[in-house]
Amino acid sequence: MHFADGQVPEEYRRHTARRTWMVAAAGVGLVAVLGYALSMGAAQLSLSAVFRALAGLGVEPRVNTIVWNIRLPQALAAILAGMALSSSGAVMQSVLRNPLGSPFTLGVTHAAAFGAAISVMLLGSGTMHSTGGDAVVISNPYATTTAAFAMSMVATFVVLGVSRLRSASPEAMVLTGVALGSLFTAGTMFLQYFADDVQLAAMVFWTFGDTARADWAELAVIAGVTLPALGFFLYNRWNYNAIDAGDETAKGLGVRVERVRLFGMLVAALVTSVVTAFLGVIGFVGLVCPHMVRRFTGDDHRFLLPGSALFGGLLLLTADTAARLMLAPHALPVSVLTAFIGAPMFLWLVMRGRRS
Amino acid sequence: MILTVNNVSFSYASTPVLENVDFHVDPGEILAIMGPNGAGKTTLLKCVNAIHRPSSGAVMVDGTDVLRLTAEQTARRVGYVAQKTETGNMTAFDAVLLGRKPHMRWRVSENDLRIVEAAIRHLGMEHLTMRTLDHMSGGEVQKVAIARALVQEPRILILDEPTSALDMKNRTEILGMIGHVVREHGMAAVVTLHDVNQALRFADRFIFLRDRTIFAAAKRGEVTAEMIEGVYGLPVVLGEVNGLPVVVPADETIRPHKHDHTETMLDQ
């Protein structure tokens, strides 16, 4: 083939530059909101105090404690969870060939909630403390987290196993996920019906996704899973583009479609399970965020994936900061806010269609 | 010979779909695979680019068994235009760029971009470069799919019903475009077509599939009404209009008589 005489159109170069800038803007926005989130709260800190605390330049111990032990872990948990949920949603939407693809579609989150409920009920990991406010405390967070994680991996493997029988068809994955989701919801309700007051409160409390739960050790686990997963997603960006063009076309381009689909789902489900197990159920980010980013970057995963990750982190951190400050001195769990913003936003996206 | 299909048989589960299919294609040549729905045409195409693994026999591309190639190596030799192309919020340029995937490493190179632009220009669709696929007509999307297969820089082009969703003008245009590219670059093309008339004008050689195997094979100008009748199970009339071959179902020739009869009745 003699296609050596090509000239790359200027318009295309501008288009690529614009998409790159949009992704970069999400990154800059993320850093800006992070600065704001670290300085705002019950104790107002100046940005320079926050910066000095982060840089390890001598600040008073109180500021150091606030930044390092309270606000930074929570902010990082929000960013990592937003990145994980949003990029997983983008990948699921591609490999499932379904715009409703999100960690919810697979029943992963419902399974995690069921796992937590089992742990509370059978392992007695939930108790109520009425000292510092009316806080319900999961007395054994590791048991609960492990149970939630185990259960969501069970859901993932059932979904992948069933779809394997149907040669990894995306329809089989979505349908199995929906069926499992309602099965696990029924299981949770069954446990809740027989739970006593304390257990019931602990179960319900667990499902409120809350970024304040994570400490540094847990953050390390979340980051250790999320960041390699993001790398894996980016590595497969052309494979996802090919699958978007249709399974047959992708196969013609040398993509092993069933394999890319299975591993994409497995990794997406894994990061979602880890985030959900540590932080609880945080809805709508995985579904809405990629769709918002698509309006700016299009469906090209070279830009959609980093855009979704950065914007997901930005969105969840913003929501989390708002949830902390809105009803101060009460801090609202972020999941309440994401659902409140997410649903109308999704409706708006559906009605507006996409920018042409 | 660029492509040799040696006695290929294929079964889905234990149901045989193809039995002992044997043919070859030379450089610059277009081969049309014809036959009724369900005759195994698409399956045969998928055996050629190793999406399906034949249960016996072999497909040789430039003398190499495709099953010995990796999926990526096959994609550098065989470009496949599937029956259906999904659309989305992706510009034509990026959609064609996807065809460079088998040649790409981590980054898109300048060379990749140049090849994409040249392919788009060769197919005369520069005005579509920045338009997204979900804002295109069926014919335009089909051209993008063909451009995508061309930038794979393949030796062989396989097209599964490339014109089934198109109107008459687009059909003629797209087939003309494929013919031009294949002959100019000394590639080989294997095409399935439902429209017998289009096929007779477009292809250099024909194989007719019936009952899982080759029922007849012919060169351009050697196709007979009996071949077409035998493979489709329908009486046809094969004639010429302005030097172009034309096939019509024989039933149609009876209609004017019926028509006359009705008119006579109305006259009375």
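Here is the naming used below: chain letters follow the sequence lines, and residue numbers restart at 1 for every chain.
In the displayed structure, A/F346 atom CZ is contacted under 6.0 Å by more than 12 heavy atoms of other residues, nucleotides or ligands. The number of heavy atoms from other shown groups lying within 6.0 Å of CZ (A/R237) is above 12. Dense packing is recorded around NE2 of B/H194, with more than 12 heavy atoms of other residues, nucleotides or ligands lying under 6.0 Å away. For B/Y12, the OH atom counts as densely surrounded, since its 6.0 Å shell holds more than 12 non-hydrogen atoms of other residues, nucleotides or ligands. Residue A/E11 places its CD atom among 12 or fewer non-hydrogen atoms of other residues, nucleotides or ligands, all under 6.0 Å distant.
The two residues B/R114 and A/G6 have their closest heavy-atom pair at CD-O, 2.9 Å. Closest heavy-atom contact between A/G252 and B/Q152: O-NE2, 3.5 Å.
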| task | Please report the C-alpha distance between A/W238 and B/V108 in whole Å, then the side-chain angles of each, then the deciding distance to 0.1 Å, and finally whether the side-chain contact (heavy atoms from CB on, under 4.5 Å) criterion is met. | result | CA-CA 11 Å; A/W238 281 107; B/V108 176; 3.6 Å; yes
| message | Would A/H15 and B/M130 count as a side-chain contact (heavy atoms from CB on, under 4.5 Å) here? Give the steps. | response | CA-CA 9 Å; A/H15 178 61; B/M130 297 309 291; 3.3 Å; yes
| message | As a quick check of understanding, evaluate side-chain contact (heavy atoms from CB on, under 4.5 Å) for A/D244 and B/E86, giving each step before the final call. | response | CA-CA 7 Å; A/D244 275 0; B/E86 304 288 338; over 6 Å; no
| query | Do A/N239 and B/K101 pass the side-chain hydrogen bond (donor to acceptor under 3.5 Å, both in side chains) test, and can you show the C-alpha distance, the side-chain angles, and the key distance before you say yes or no? | reply | CA-CA 9 Å; A/N239 289 334; B/K101 187 182 180 304; 3.1 Å; yes
| message | With side-chain contact (heavy atoms from CB on, under 4.5 Å) as the criterion, how do B/D94 and A/R19 come out once you've worked through the C-alpha distance, each side chain's angles and the decisive distance to 0.1 Å? | response | CA-CA 13 Å; B/D94 282 324; A/R19 290 182 293 179; 3.0 Å; yes
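Within the model, atoms CD of A/Q7 and CZ of B/R121 stand 7.5 Å from one another, a figure rounded to the nearest 0.5 Å. Of the inter-residue distances, the one linking A/L253 atom CG with B/R100 atom CZ reads 11.5 Å to the nearest 0.5 angstrom. Atom CG of A/D299 sits about 7.5 Å away from atom CG of B/D134, to the nearest 0.5 Å. Between B/M90 atom CE and A/R294 atom CZ the span is 10.0 Å, to the nearest 0.5 Å.
Looking at heavy atoms from C-beta onward, B/F93 lies out of side-chain contact with A/T16 at the 4.5 angstrom threshold. In this structure, the side chains of B/L97 and A/R302 come closer than 4.5 Å at one or more pairs of heavy atoms.
Proximity to chain B (any heavy atom under 4.5 Å) is shown, for A/R14, by neither the backbone nor the side chain. In this structure, chain B has heavy atoms under 4.5 Å from both the backbone and the side chain of A/D300. If you measure heavy-atom distances from B/R148 to chain A, the contacts under 4.5 Å come from the side chain alone. Contacts between B/T91 and chain A at a heavy-atom distance below 4.5 Å involve the side chain alone, from C-beta outward. Heavy atoms of B/T129 lying under 4.5 Å from chain A belong exclusively to its side chain.
With chain B as partner, the option from A/A245, A/G246, A/P9 having the largest number of non-hydrogen pairs under 4.5 angstrom is A/A245. In terms of non-hydrogen atom pairs under 4.5 Å with chain A, the most contact-rich of B/L113, B/L98, B/V81 is B/L98.
A salt bridge is defined here as a Lys NZ or Arg NE, NH1 or NH2 lying under 4.0 Å from an Asp or Glu carboxylate O, and A/R13 with B/E117 fails to meet this definition.
Annotation: residues 35-65 of chain B contacts chain A through B/K46, B/N49, B/I51 [non-hydrogen atoms, separation under 4.5 Å].
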